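Everything on this sheet refers to the single structure shown next.
Throughout, a chain's letter reflects where its sequence line sits, starting with A, and its residues are numbered from 1. If you're wondering where the values come from, they're calculated on a predicted model, not measured in any experiment.
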Amino acid sequence: MKIAFTTKGTEWDSLMDARFGRTEYFMVYDDEKEEISHFDNQSAADTAHGAGPQTAKILFDLNANVLVTGNGPGGNAATVLQKANLKIYVGAGEMTVKEAYDAYLNGKLAEF
Amino acid sequence: MKIAIASGKGGTGKTTLSTNLASYLAENEKVVLVDLDVEEPNSGLFIAGQLVHEDDKYKMIPEWKLHTCSLSGTCQDVCNFHAVIRLGMEVMVFPELCHSCYACSELCPTSSLPMVPQKMGVLRHYQKGHLSFVESRLDIGQEQAVPLISQTISYIDQEFPEDVIKLYDSPPGTSCPVIEATKEADFVILVTEPTPFGLHDLQLAVDTMRELNKKFGVVINRDGIGNDGVLDYCHIEKIPVVARIPSDRRIAELYSRGELIYTKIPEVKQQLLQIGKYIKDLQIGVNE
């Protein structure tokens, strides 16, 4: 299973990014292969309109099964993510990626 | 003669000035007042005219045709606003993000994104003596003011091709709706209040108007409050201060009842007379 995190960096100790559409990075953890990959989304900062759906499309193409994030996606992005059949967990905006993963495993995060 | 009445800061008195100036000038000549603040039009609260025309306004957005689509992805590549997105076997359209540029529709190799009309608001045209009043109102849930502002200006150009005074009550701020509302104007009146807030936002509005190469002047509203910052700034920047409308409790009371002010308060009428004269001088200059 692939778990995607909205993050400000590319390490387990990096901070989570509370935003969805303009998150700086996605970190994707494949818990079967125990592999981490990341996607640089910093160009979204220059997007004047539609960062949400654009980022949602990227996540869709990354084939993640779960998204762990902070505030949760906005309306347009949520519409796209519905198509991706993705489980979304929110409330991890102030954590490190490691803490967010643990919180997710322990069922401490709210489902969006 | 097209005169836009704008401001950086909201709540400085654009509508107060627009409705009073239009009504005052219309005592002697034909005047068109247009409320272009389509997200929250309120000039109509002060102008009780007879409705002469009403029509729904539409913007064009693409509609995806599943059966002919070859999933080329051209649509999402050409959209600058991420309003069209291909997800696997599906294309999604986000009407709120669409700027009606037709690129996805025209460039689709299988013509699978025809443009279809979507209602965005209503235009209403009222008549009261010499005064023609037109307002447009964006529907709830619509996010983009610019297409409706643009269509309202087109309506005015068609209905009133003659050179009469046209006053455009514009939205506040300095973003796209303001640019759209002021870009065809011959002159822009920037309404401000003489406070640090007023000055700060006036400077932003001045920068915008200079970028657009507009002729503009300032009307100070609620003159007497705050400080001399706005006056000093206008002096240094050589910006004409066309009028100074006094701060007066009676003005607020009349406004709150939806009444015109200049008919009751001579000092306000005096300032409108001054603006009227300034416009006449401009007209001679513009018509040269």
*Are T110(B) and S112(B) linked by a side-chain donor-acceptor pair shorter than 3.5 Å?*
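The criterion, which ignores hydrogens and geometry beyond distance, is satisfied for S112(B) and T110(B).
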_Distance-only polar pair, side chains of S43(B) and S18(B), donor-acceptor under 3.5 Å_ =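 No, no side-chain donor-acceptor contact under 3.5 Å.
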*Let me see the working for S72(B) and T74(B) under side chain to side chain donor-acceptor pair (under 3.5 Å), right down to the final yes or no.*
CA-CA 5 Å; S72(B) 72; T74(B) 310; 2.8 Å; yes
*Within a reach of under 6.0 Å around CD of E237(B), are more than 12 heavy atoms found that belong to other residues, nucleotides or ligands?*
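Yes - once you tally the heavy atoms of other residues, nucleotides and ligands closer than 6.0 Å, there are more than 12.
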Solution key, residues 190-199 of chain B side-chain donor-acceptor pairs under 3.5 Å, sequence neighbours excluded:
{"unit_1": "T192(B)", "atom_1": "OG1", "unit_2": "G198(B)", "atom_2": "O", "d": "3.2"}
{"unit_1": "E193(B)", "atom_1": "OE2", "unit_2": "T195(B)", "atom_2": "OG1", "d": "3.0"}
{"unit_1": "T195(B)", "atom_1": "OG1", "unit_2": "G198(B)", "atom_2": "N", "d": "3.0"}

*When V134(B) is tested against each of K166(B), R124(B), E159(B), H125(B) for side chain to side chain contact (heavy atoms under 4.5 Å, CB included), which residue passes?*
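Exactly one candidate clears the test, H125(B).
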Less than 3.5 Å apart and able to act as donor and acceptor by atom type: which atom pairs between chain B and chain A qualify?
{"unit_1": "H82(B)", "atom_1": "ND1", "unit_2": "H49(A)", "atom_2": "O", "d": "3.1"}
{"unit_1": "H82(B)", "atom_1": "NE2", "unit_2": "Q54(A)", "atom_2": "NE2", "d": "3.1"}
{"unit_1": "R86(B)", "atom_1": "O", "unit_2": "K57(A)", "atom_2": "NZ", "d": "2.7"}
{"unit_1": "E90(B)", "atom_1": "OE2", "unit_2": "K83(A)", "atom_2": "NZ", "d": "3.0"}

*asked:* Can you tell me which portion of L87(B) sits under 4.5 Å from chain A's heavy atoms? Options are side chain, backbone, both or neither.
replied: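 When you check distances to chain A, atoms from both the backbone and side chain of L87(B) fall under 4.5 Å.
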_chain A contact via F81(B) - side chain, backbone, both or neither, heavy atoms under 4.5 Å_ =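 Both backbone and side chain.
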_Lys/Arg-Asp/Glu bridge criterion (N-O < 4.0 Å) met for K119(B), D139(B)_ =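 Here K119(B) pairs with D139(B) in a salt bridge, since their nearest N and O are under 4.0 Å apart.
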